[in-house]
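Positions are given from 1 along the sequence. None of these values were measured; they are calculated from a predicted model.
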Amino acid sequence: MSARDAQPRAIQLKDYQPPEYLIDQTHLTIDLEDHNTRVTGTLKLRRNPDISGGEAELTLHGQEIKLISVAIDGKPLDKDQYRLDDEGLTLRNPPEQFELETVGEIDPKNNTALDGLYKSRNLYCTQCEAEGFRKITWYLDRPDVMSEFTTTIVADKKRFPTLLSNGNLIEQGDAEKGRHFATWHDPFKKPAYLFAVVAGDLEHIEDKFVTQSGREVTLRIFVEGKDIDKCDHAMLSLKNAMRWDEDTYGREYDLDIFMVVAVDDFNMGAMENKGLNIFNTSCVLAKQETTTDAGFQRVESVVAHEYFHNWSGNRVTCRDWFQLSLKEGFTVYRDATFSADMGSPTVKRVEDVSVLRTAQFSEDDGPMAHPVRPDSYIEISNFYTLTIYIKGCEIVRMLANLLGPELFRKGTDLYFDRHDGEAVTTEDFVAALEDASGRDLTQFKNWYSQAGTPRLEVTDHYDEAAGEYHLTIKQSCPPTPESDTKKPFHIPVAMGLLGSAGSLPLKLKGEEPNPETGDNTHQVLELTEPEQTFVFEGLPEKPVPSLLRDFSAPVKLKYDYSRDDLMLLMSQDSDGFCRWDASQQLAAQVIDDVMAAYNRGEDLGSVEIDQRLIDAYRRLLQDESLDKAMVALMLSLPSEAYLGEQADEIQVEAIHHSREAVRVALAKALAEDLRPIYQQYDHSKPYKPSADDIADRSLKNMALGYLMLLNEPAIIEACEQQYRDANNMTDALSALTQLVESTAPEAQAKREWALADFYERWEDEPLVVDQWLRVQSTTKQSDALEKVRALEKHPAFDRNNPNKIRALVAAFANANAINFHVPSGEGYGFLADHILRLNRTNPQIAARLLTPLTRWRKYPEEQRKQMHLQLERIKAEPKLSKDVYEVVSKSLA
Ligand code: TRP
Ligand code: ZN
C-alpha cells in the first residue's frame, strides 16, 4: 500500500485479461550472498499474437528488489524509458519483440516472510507460489505466462556444495574467490510459481524408477546430514506414487531426475516445483523412533500429492489464481485415493470427512466463506484454504462417482491430452469430463460457483398396505458473503435401506431394477430440485435409511433417527462410513443428554448415560471380525470441534465437560472389556507403519485413553511403563499425552518427570520437539495458558519458525477450546499478540493464525465481545499486511 490508509484492492475474476506479452525464454543468474544476492534476468519477450491492440506500456511485477540496471536488447534504458514503484517495473513503449535484461539485488537473510528467496538455517531456498517469484526478479508473474527456464546459481563452494534448480544439470564448474556455479535447464515450459533454487550443504539418498515406457528416472531426496536416516519412507512413498499414477491415470514422469529437498522453515507442507519439490521437514522425514503413525501417513500422502502435481498442476496448470482448486482439489482427490489404496479406504475416508465436517464446514459458515472457484480476493495467499483443497476434492470425488471409473478415466485422459502445456480453468476440466462421458454437468458446476454447505432435510413414510417407502429430500443452502440466494445443487445421495435382518433390495417405483452394479441394495439418488420424493416398492417392513454412504456429497444431512435406528446402522449397515457416522450420531445424542444436565446445573461427577451407547460400544469391542482401526474410530466420541460446529452457539464449557463426563462414564462401564485389549497387546513386537499395525496401536491406545480415566494406580504405572519402553513414537507420545492429561494425584509427579525426560531425550530433533510443545499447548489441564506463555521463552521455541508457531500458538488456539476461550479473554489476547508480531515478519502465517477469531459470531456474548475486541485491536494496527487486513476486515464486516 502506498498511501498509509489506502485499502488494498480486491482482484476480480471478471477482470481477467490474457497477458499482453509472452516470455519464450527465461535466463536467470543468481549470485548468492546473505544480504545482497544479485539476480540477473534475461527474458525473451514478444507481444502475445492472440491479443489485438495493446498498451504503450508493459508492467513487470517486482517487489522488494533493488534495481541495479535495466537494458533492452543490450542498451541500458534512460530514466524516462521506465518507471519503478511498489508493484514493479514499467517499460514505456517496449518493442514488439525484445530481450530484457534486469539486474537486481535482494536480501534473502532478512526475508522472514519465507516467500521468494530466503534462508532457512544454512540453506538458501525459494518459495514462489503464488506470487513469490516477483520478489526474486522482475517478471510477468502470473500462471498463464509459461516460459522455458535456464538457471545459473553461483555460491561459495565450501558452504554451499549443493546447487539445485528445476530440470537437468547442464553445466557446473568453479568460479573465482572460492565460489562455484551450476546451470540447470528445464525443457518444460512452466509458470514462474513453479521455479525453484536450493543451495546448501546437503546429503542425499538416491534410488531409481523405471517408467512404464522403460525410461530410467533418478530419484534423490536431499536433507541435512543428521537427517539422512529419515528419508527411506519418503522414497518408498515416492516410488509407490509414481507406479500408482501410471496404473490409475496412465501418467508417467517426464524428466530424467526427480528431486525432493527438506527445509526447516516453511510456510506450508510442501511445494511441487517442477522436478525439484521443496518440503517442510515435517512432511518428508520419518523414522519409527521419532515419527508417529500419523506422521508416516502424512509423509506418504504429501510426497504423493506433490508428485501428482507434475500432471495436475504443472503439465496442465491454472490460467489464473481463481482456478487454484483446478490443481489443488484434483490433486487432493488423487492423493486421497492413493492413500486409500495403500491402506484402509474406510479409515482414510472417515479421517478426511472428520476434517471436512469440522474445519471446512466451519469455514463455509463464517466470514471467509468463498466458492471453490472464488470471484475475488485481496491476497491470494489467504485462499489456500480447506475449501479450495478439500471441498475441491469432494467436488472431484462427486464427479468421479457420477461418471463411474471408466468414464472418469476417459475424461481425465482427455483433460490431460487436450490441455498438456496449457494454463486452463475449472470450466475446461468439467468440459473434458462432459465430452468424454456425454453427461451434462451444467447444474453440477454450481458446486464451483456457490459457497456454503448445502443442507439436506430428509423425511419419510412407510405405506404398509402398498409395501411402499417414500423418501423426501429437501435441499437448501444458507447465505454466504458472495450471495444470499442459491441455485439448487446437483447432489449425489448414495443410499440403501435396512430391515431388521440387514440390507433390503431397492426398487424405485416405475423403474427397472438398479442397472449398473448388479448390487440391488445400493443406489445413488441424484438430487437436482429443491425438493424431490423417491418411492421404493416391494418392502415388507418399514426400513431404516442408510444415507450419504461413503459421504457421497459434502452436505449437512438431517434425518430424525431414533437411537435404535442408529444402533441398527452401527451394526448392520454394509457401508463402513455410515456405520461410523451412526456411532457418532448416537454418541452426540448421549452427550446432548448430559449437556442438558450440565445446563440445569447438575453435578456430572457420576452421571448416568444411555445404556444403549454402552451396549453398542461393548458389542464393537467384543466383535473380533471388525477392523480394529474402525473400532477405535467408532469408540472415539465426536470431537469438541464437531459438536461445536453442529451447534448454533458454541458453548465451550458445556461441550467440554459433558463430553468428558461421557468418557468417564464409558470408561467405568466398559473397563472390563477395555482391560484385555490393553493387556493382550504385545508391546515388544517390531514396529511397522502398515495399516494393520497402525490399527492395532490405535485400538490399544484408545483403550489406554479410557482406562486412564479410572485413575487407578496400576494403569498409571502401565502408562508410564509404555512411555519408557516404547520402541516407536506413536506409543511413546500416546503414553506421554495420557500422563499429561491425567487428573489423578499420582500422575502429577510422573507428568513432570515424563515431560522433562522427553525433552532431554529429543531436544536435538526439531520435529519431536514440536510434538512436545503440542502435548503441552493442547492439554486440557487448567494451567495450559500459563504453561504456553512459559514455553514461549523456552529455548525450544523459535518465534520465526512456522512449525514452532503451529505447535505452540496455533495448536493452543485451534485444539484447546476450553483454555483458549477462557472468559477473561486472555487466550485471545495471547493469540492477537502473536498475530501482530507476525504481521510484520511473516504475514502469511499471521493471517492463518486469525482463523479461530474469525468465528467470533458463533460464541456466547461474553466470549464474542472479547474476540471482537482483539479483532478491532488488530485492525487498528497502522501497518497491516494485505494478508491480515483481508481476514480482519472480512471478519468484522
Ligand atoms: N502448492 C502447494 C501444495 O499444495 C502449497 C503451497 C501453496 C505452498 N503456497 C505455498 C507451500 C506457499 C508453501 C508456501 O502442494
Ligand atoms: Zn497441492
Side-chain angles (χ1 to χ4, degrees), residues 354 357-359 361-362 365-366 584 587-610 613 636-668 705-706 708-709 711 737-738 740-744 774-789 809-832 851-871:
S354 295
R357 289 209 298 208
T358 53
F361 280 14
S362 153
D365 190 37
Q584 297 290 291
Q589 289 191 16
V590 170
I591 294 169
D592 257 356
D593 297 344
V594 176
M595 244 161 81
Y598 177 89
N599 286 331
R600 289 192 300 268
E602 287 171 28
D603 173 25
L604 302 186
S606 52
V607 74
E608 298 253 328
I609 61 166
D610 191 331
L613 183 64
S636 306
L637 297 180
S639 66
E640 292 181 14
Y642 177 71
L643 296 167
E645 209 288 320
Q646 294 281 302
D648 293 329
E649 184 174 81
I650 305 177
Q651 296 179 333
V652 174
E653 297 84 0
I655 290 176
H656 176 73
H657 296 301
S658 309
R659 184 177 178 279
E660 286 309 303
V662 173
R663 293 217 312 136
V664 171
L666 287 166
K668 288 182 186 158
Y706 275 113
M708 280 292 280
L709 297 171
N711 287 351
T737 306
Q738 298 309 332
V740 168
E741 296 301 340
S742 174
T743 56
R774 211 176 279 273
V775 168
Q776 298 173 83
S777 63
T778 58
T779 177
K780 306 304 176 282
Q781 305 281 4
S782 58
D783 58 354
L785 179 53
E786 209 177 298
K787 284 269 170 65
V788 167
R789 285 196 191 279
V809 183
F812 175 73
N814 291 299
N816 197 346
I818 191 72
N819 287 305
F820 176 61
H821 292 281
V822 282
S824 67
E826 262 181 286
Y828 311 142
F830 163 79
L831 181 65
T851 306
L853 291 175
T854 65
R855 299 295 124 81
W856 62 283
R857 285 192 177 85
K858 287 275 285 185
Y859 291 85
E861 187 175 357
E862 197 178 349
Q863 284 150 324
R864 185 161 68 216
K865 278 206 316 237
Q866 300 280 356
M867 294 170 93
H868 189 260
L869 202 73
Q870 295 300 332
L871 285 169

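- Here CG of Leu831 is found 8.5 Å from CD of Gln870. Values are rounded to the nearest 0.5 Å.
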Report task. Check step by step if side-chain contact (heavy atoms from CB on, under 4.5 Å) holds for Glu602 and Val607. Result -> CA-CA 9 Å; Glu602 287 171 28; Val607 74; 6.0 Å; no
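- Residues His656 and Glu640 form a side-chain contact, since some pair of their non-hydrogen atoms from C-beta on lies under 4.5 Å apart.
- If you take NZ on Lys780 and CZ on Arg659, they are separated by 8.5 Å, rounding to the nearest 0.5 Å.
- At distances below 3.5 Å, not a single donor-acceptor pair connects side-chain atoms of Ser742 with backbone N or O atoms of Gln738.
- The shortest heavy-atom contact between Gly827 and Leu785 is N-CD2, 3.9 Å.
- Within the 3.5 Å criterion, the main-chain N or O of Glu741 finds a donor-acceptor partner in the side chain of Gln781.
- Side-chain atoms of Ser658 do not come within 3.5 Å of backbone N or O of Ile655 as any donor-acceptor pair.
- For the residue pair Glu653 and Pro823, the shortest heavy atom distance occurs at OE2-CG, 4.2 Å.
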Requested in this report: Check the pair Phe812 / Thr778 against side-chain contact (heavy atoms from CB on, under 4.5 Å), numbers first and verdict last.
Outcome: CA-CA 5 Å; Phe812 175 73; Thr778 58; over 6 Å; no
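- Looking at Gln776, its side chain never comes within 3.5 Å of a backbone N or O of Val788 through a donor-acceptor pair.
- By the 4.5 Å heavy-atom criterion applied to side chains, Leu637 and Leu666 are counted as neighbours.
- With salt bridges taken as basic N to acidic carboxylate O contacts below 4.0 Å, one links Arg663 and Glu660.
- The shortest heavy-atom contact between Leu871 and Leu853 is CD1-O, 3.6 Å.
- For the pair Thr854 (side chain) and Thr851 (backbone), a donor-acceptor distance under 3.5 Å is present.
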Report task. Apply side-chain contact (heavy atoms from CB on, under 4.5 Å) to the pair Met867 and Tyr859, showing each step before the final yes or no. Result -> CA-CA 9 Å; Met867 294 170 93; Tyr859 291 85; 3.8 Å; yes
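- Taking the ring centroids of Tyr828 and Phe820, they lie under the 6.0 Å cut-off.
- In this structure, CG in Asp592 is found 9.5 Å from CD in Gln646, a value given to the nearest 0.5 Å.
- Going from atom CD of Glu826 over to atom NE2 of His821 covers 14.5 Å, rounded to the nearest 0.5 Å.
- Of all heavy-atom pairs spanning Ala597 and Leu604, the tightest one is CB-CD2, 4.2 Å.
- With a 6.0 Å radius and a threshold of 12 heavy atoms from other residues, nucleotides or ligands, Glu862 has its CD atom at or below the threshold.
- Listed for the Lys858 side chain is no donor-acceptor partner under 3.5 Å among the backbone atoms of Ser362.
- Of the inter-residue distances, the one linking Thr358 atom OG1 with Asn814 atom CG reads 10.5 Å to the nearest 0.5 angstrom.
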Query raised in the report: Taking it one step at a time, do Ile818 and His657 satisfy side-chain contact (heavy atoms from CB on, under 4.5 Å)?
Result: CA-CA 9 Å; Ile818 191 72; His657 296 301; 4.1 Å; yes
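- Atoms NE2 and CH2, on His868 and Trp856 in that order, are 4.0 Å from each other to the nearest 0.5 Å.
- No more than 12 heavy atoms of other residues, nucleotides or ligands shown are found within 6.0 angstrom of CD on Glu786.
- Of all heavy-atom pairs between Ala667 and Leu709, the closest is CB-CB, 4.1 Å.
- Between Leu643 and Pro638, the closest heavy-atom pair is CD1-O, 3.9 Å.
- Distance alone, capped at 3.5 Å, places no donor-acceptor pair between the Asp593 side chain and the Asp610 backbone.
- Remark: the backbone N or O of Ser636 is paired with a side-chain donor or acceptor of Gln584 at under 3.5 angstrom.
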